[in-house]
Trainee: 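Structure below; questions to follow.
Keep in mind it's a predicted model, so treat the numbers as computed, not measured. Positions are given from 1 along the sequence.
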Amino acid sequence: MKRLYLIGGPMGVGKTTVCRALQRRLDRSVFLDGDWCWDAHPFQVTEETKAMVMENICFLLNRFLRCSAYDHVIFCWVLHQQAVLDGIRSRLDASGCEVRPVSLICTVPALTDRLEADIRTGRRQQDALARSLAYLPLYDKLDTEKLDVSCLTPEEAAACLEALP
């Protein structure tokens with residue numbers, strides 16, 4: 001049976017790195033980062049761009065789900081609201097597919113350390129820290145499995161995702 005991983009978490013928690021590690025562990029897998037569907041300069045959040053990114057994500061995920069070359073479809077994005085998760089799921093043809101929604105979480109100190117390191121190296125802007133910390137408590141309210149990655153390497157986190165029942 002095909003498996004779809006929907007991996008959410010605040011900016012800086014390690015979603016992309018963990019999903020890349022998971023992809024390496026799983027044969028016949030494909031990975032989509034939701035950020036790739038909305039990589040624009042300048043970045044604009046409007047009703048039109050929000051609708052566009054949802055269409056882009058759902059189109060690609062449906063194509064991956066229909067493709068017989070893949071047994072595992074891995075998707076990550078911030079996914080901080082149940083309505084966003086439900087909106088994506090409602091637009092997917094996941095019949096015959098096991099869907100695994102998971103939120104990667106970590107402690108405030110761990111998230112702060114990770115983001116400050118990214119800010120120092122120029123990978124993120126200073127405002128990312130406050131936004132990410134504000135999102136962190138939202139994941140408690142979601143209907144997802146929670147995986148605390150505070151003390152896990154990306155490979156260890158990927159192994160935990162792979163081992164999900």
Trainee: Going through the checks in order, is the salt bridge (charged side-chain N to carboxylate O under 4.0 Å, His left out) test met by D127 and R131?
Mentor: CA-CA 6 Å; D127 66 330; R131 284 186 291 128; 3.5 Å; yes

Trainee: Indicate the atoms forming the closest heavy-atom contact of R89 with P101, along with that distance.
Mentor: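 Minimum heavy-atom separation between R89 and P101: NH1-CG, 3.7 Å.
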
Trainee: For M11 and R124: C-alpha separation, side-chain torsions, deciding distance, then whether side-chain contact (heavy atoms from CB on, under 4.5 Å) applies.
Mentor: CA-CA 10 Å; M11 295 171 295; R124 296 187 195 273; 3.9 Å; yes

Trainee: So how far is it from K50 NZ to E47 CD, rounded to the nearest 0.5 Å?
Mentor: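 Output value for this atom pair is 4.0 Å.
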
Trainee: Okay, side chain of E156, backbone of T153: is any donor-acceptor separation there less than 3.5 Å?
Mentor: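 Between the backbone of T153 and the side chain of E156 there is a qualifying donor-acceptor contact (under 3.5 Å).
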
Trainee: Just so I know, are the side chains of I119 and Q125 near enough to count as touching, which here means a heavy-atom distance under 4.5 Å?
Mentor: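 No, too far: nothing below the 4.5 Å cut-off.
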
Trainee: Looking only at heavy atoms, which two atoms of A21 and P154 are closest? And how far apart?
Mentor: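 The pair with the smallest heavy-atom distance is CB-O, 3.9 Å.
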
Trainee: Hey, does L147 have a side-chain heavy atom less than 4.5 Å from the side chain of S103?
Mentor: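 Not touching, per the 4.5 Å side-chain cut-off.
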
Trainee: Check the pair Y139 / V78 against side-chain contact (heavy atoms from CB on, under 4.5 Å), numbers first and verdict last.
Mentor: CA-CA 10 Å; Y139 294 93; V78 173; 3.1 Å; yes

Trainee: Can you tell me how far apart CE (M54) and CZ (F59) are? Round to the nearest 0.5 Å.
Mentor: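 So the CE of M54 and the CZ of F59 are separated by 15.5 Å.
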
Trainee: Restricting to non-hydrogen atoms, name the atom on R91 and the atom on N62 that form the minimum distance, rounded to 0.1 Å.
Mentor: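 Closest approach of R91 to N62: O-ND2, 2.9 Å.
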
Trainee: Indicate the ring-plane relationship of Y5 and H72, choosing parallel, tilted or perpendicular according to the 30° and 60° boundaries.
Mentor: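 Plane angle between 30° and 60°, so tilted.
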
Trainee: Please determine whether the number of non-hydrogen atoms from other residues, nucleotides or ligands lying under 6.0 Å from atom CZ of R28 exceeds 12.
Mentor: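 For R28, atom CZ is crowded (more than 12 foreign heavy atoms under 6.0 Å).
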
Trainee: Working to the nearest 0.5 Å, report the span between CG of L164 and CD of E145.
Mentor: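 Interatomic distance, L164 CG to E145 CD, rounded to 0.5 Å: 5.0 Å.
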
Trainee: Do other residues, nucleotides or ligands put more than 12 heavy atoms under 6.0 Å from the CG atom of D140?
Mentor: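 It does: D140 CG has more than 12 such atoms within range.
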
Trainee: Got W77 and K15 here, is their nearest side-chain heavy-atom distance under 4.5 Å?
Mentor: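 SC-SC contact between W77 and K15 ruled out.
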
Trainee: Which atom pair, heavy atoms only, marks the closest approach of Q44 to T49?
Mentor: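 Smallest heavy-atom distance, with atoms named: O-OG1, 2.8 Å.
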
Trainee: Taking C-beta and beyond as the side chain, do F64 and L32 meet within less than 4.5 Å on heavy atoms?
Mentor: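 The answer is yes, as the side chains (C-beta and beyond) meet within the 4.5 Å cut-off.
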
Trainee: Less than 4.5 Å apart, any side-chain heavy atom of V45 and any of W38?
Mentor: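 A side-chain contact exists here, since the closest heavy-atom pair is under 4.5 Å.
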
Trainee: Side chain of R100, backbone of P165: donor and acceptor closer than 3.5 Å?
Mentor: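 Present.
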
Trainee: Are Y70 and C67 close enough, and set up right, to give a side-chain contact (heavy atoms from CB on, under 4.5 Å), and what steps lead you there?
Mentor: CA-CA 6 Å; Y70 306 119; C67 184; 3.8 Å; yes

Trainee: For the side chain of K146 and the backbone of L142, is there at least one donor-acceptor N/O pair under 3.5 Å apart?
Mentor: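 Indeed, once roles are kept as given, a pair shorter than 3.5 Å links the two residues.
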
Trainee: So R24 and E155, salt bridge (charged side-chain N to carboxylate O under 4.0 Å, His left out) or not? Walk me through it.
Mentor: CA-CA 10 Å; R24 287 189 300 273; E155 291 74 23; 3.7 Å; yes

Trainee: With side-chain contact (heavy atoms from CB on, under 4.5 Å) as the criterion, how do L4 and L6 come out once you've worked through the C-alpha distance, each side chain's angles and the decisive distance to 0.1 Å?
Mentor: CA-CA 6 Å; L4 169 63; L6 300 173; 4.0 Å; yes

Trainee: Rounded at 0.5 Å granularity, tell me how far CG in L92 sits from CG in L61.
Mentor: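 Output value for this atom pair is 5.5 Å.
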
Trainee: Quick one, D71 and S29 - any side-chain contact, counting heavy atoms below 4.5 Å?
Mentor: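 No, side chains not in contact.
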
Trainee: My understanding is that only one of D148, V149, L79, T144 makes a side-chain contact (heavy atoms from CB on, under 4.5 Å) with L104; could you say which?
Mentor: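 Answer after filtering D148, V149, L79, T144: V149.
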
Trainee: First locate atom CG of L152, then atom SG of C106, and finally report the distance between them rounded to the nearest 0.5 Å.
Mentor: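 Output value for this atom pair is 10.5 Å.
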
Trainee: Taking the side chain as C-beta and beyond, is there a heavy-atom pair between V73 and R3 under 4.5 Å?
Mentor: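 Heavy-atom side-chain distance check fails, nothing below 4.5 Å.
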
Trainee: Does atom CZ of R25 have more than 12 heavy-atom neighbours, drawn from other residues, nucleotides or ligands, at distances under 6.0 Å?
Mentor: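 Count over threshold, so yes.
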
Trainee: Taking atom CG of L115 and atom CZ of R120, what is their separation to the nearest 0.5 Å?
Mentor: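 Between atom CG of L115 and atom CZ of R120 there are 10.5 Å.
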
Trainee: So do the side chains of P10 and L111 get within less than 4.5 Å of each other, counting heavy atoms only?
Mentor: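 Touching, per the 4.5 Å side-chain cut-off.
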
Trainee: Can you give me the closest heavy-atom contact between G87 and S90, atom names plus distance?
Mentor: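 In this case the closest contact between G87 and S90 is O-OG, 2.9 Å.
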
Trainee: side-chain contact (heavy atoms from CB on, under 4.5 Å) with C76: which of V13, L22, I7?
Mentor: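 Of all the options given, the one that passes is I7.
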
Trainee: Would you name the heavy atoms of T112 and L129 that are closest together and state the gap between them?
Mentor: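 Minimum heavy-atom contact is CA-CD1, 3.9 Å.
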
Trainee: For salt bridge (charged side-chain N to carboxylate O under 4.0 Å, His left out), just list the numbers for E98 and K2, CA-CA rounded to whole Å, side-chain angles, deciding distance to a tenth of an Å, and then say yes or no.
Mentor: CA-CA 6 Å; E98 184 180 347; K2 193 170 282 218; over 6 Å; no

